[in-house]
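Here's the structure we're looking at; comments come further down.
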Amino acid sequence: LQHCPNLEILQLQHNQLRTIPSLMTLPHLQSLDVSQNMLTVFPSLPSDCSKLTQLVLSYNQIEEIPREILPNLNKLSECLLHNNKLHQIP
């Protein structure tokens with residue numbers, strides 16, 4: 001993904017992924033869908049993910065949402081987290 005810095009939409013659903021590569025090199029990312037995989041960790045998003053409007057992480061095994069990511073998601077209009085192993089939302 002490091003060779004795609006202008007990528008705006010990334011859809012990786014239904015792939016049985018346990019991890020995904022760092023998304024730190026995708027500052028233009030607007031939509032991320034990694035639903036229905038086997039992720040246990042919240043994906044690493046760019047520190048400036050101000051363009052991200054849609055985040056779909058449903059049907060994984062994620063247990064925690066990192067607090068430090070929340071302030072950077074100020075344009076987020078859709079966030080789907082259902083069917084994970086979350087115990088709380090920060």
Side-chain angles (χ1 to χ4, degrees):
L1 294 174
Q2 67 187 14
H3 301 292
C4 305
N6 294 317
L7 191 68
E8 294 180 351
I9 298 171
L10 180 59
Q11 296 183 333
L12 297 171
Q13 63 268 36
H14 296 278
N15 285 296
Q16 297 184 343
L17 298 172
R18 293 184 184 276
T19 61
I20 59 171
S22 174
L23 303 173
M24 299 297 223
T25 58
L26 303 176
H28 300 288
L29 192 63
Q30 296 175 15
S31 175
L32 174 64
D33 187 342
V34 290
S35 61
Q36 300 197 16
N37 281 291
M38 302 175 80
L39 300 175
T40 57
V41 176
F42 199 87
S44 297
L45 298 172
S47 57
D48 179 15
C49 51
S50 60
K51 295 185 167 116
L52 191 67
T53 59
Q54 181 185 46
L55 180 60
V56 183
L57 301 169
S58 303
Y59 294 96
N60 280 290
Q61 298 174 21
I62 298 171
E63 295 182 4
E64 184 177 12
I65 300 172
R67 287 185 186 274
E68 59 273 5
I69 195 64
L70 295 177
N72 299 324
L73 299 174
N74 54 359
K75 297 266 177 145
L76 196 63
S77 61
E78 182 176 23
C79 181
L80 301 176
L81 300 168
H82 58 280
N83 288 82
N84 276 290
K85 295 185 176 184
L86 294 170
H87 300 286
Q88 63 180 342
I89 305 233

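Counting non-hydrogen atoms of neighbouring residues, nucleotides and ligands closer than 6.0 angstrom, the CD atom of Q16 reaches no more than 12 such neighbours.
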Show me, pair by pair, the donor-acceptor contacts under 3.5 angstrom made by side chains of residues 25-34, not counting sequence neighbours?
| unit_1 | atom_1 | unit_2 | atom_2 | d |
| --- | --- | --- | --- | --- |
| S31 | OG | Q54 | OE1 | 2.5 |
| D33 | OD1 | S35 | N | 2.9 |
| D33 | OD1 | S35 | OG | 2.7 |

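In terms of heavy-atom proximity, P71 sits nearest to E68 at CD-O, 3.5 Å. Taking all atoms of both residues into account, the shortest heavy-atom contact from P43 to I20 is CB-CD1, 3.4 Å. The two atoms that bring L1 and S22 nearest to each other are CD1-O, 4.4 Å, heavy atoms only. Heavy-atom minimum distance, N37 versus L17: OD1-N, 2.9 Å. Looking at every heavy atom in both residues, L52 comes nearest to L45 through CD2-CD1, 4.2 Å. N84 approaches Y59 most closely through the heavy-atom pair ND2-N, 4.2 Å.
Not counting sequence neighbours, the partners of E63 by the side chain to side chain contact (heavy atoms under 4.5 Å, CB included) test are K85.
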What's the verdict on side-chain contact (heavy atoms from CB on, under 4.5 Å) for L55 and F42, showing C-alpha distance, side-chain angles and the deciding distance? CA-CA 11 Å; L55 180 60; F42 199 87; 3.8 Å; yes
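Side-chain N or O atoms of N72 include none that pairs as donor or acceptor with a backbone N or O of L70 at under 3.5 Å.
Under the 4.5 Å side-chain heavy-atom criterion for grouping Ile, Leu, Val, Met, Phe, Trp and Tyr, L81 is connected to L12 within one hydrophobic cluster. V56 is not connected to L10 by any chain of hydrophobic side-chain contacts under 4.5 Å among Ile, Leu, Val, Met, Phe, Trp and Tyr, and they are in different clusters. Note: the hydrophobic cluster containing L76 also contains I65 (ILVMFWY, side chain heavy atoms under 4.5 Å, direct or indirect links). Both I89 and L39 sit in one connected hydrophobic cluster of ILVMFWY residues. Membership requires side-chain heavy atoms under 4.5 Å apart, directly or through other members.
The closest side-chain heavy-atom distance from S77 to T53 is below 4.5 Å.
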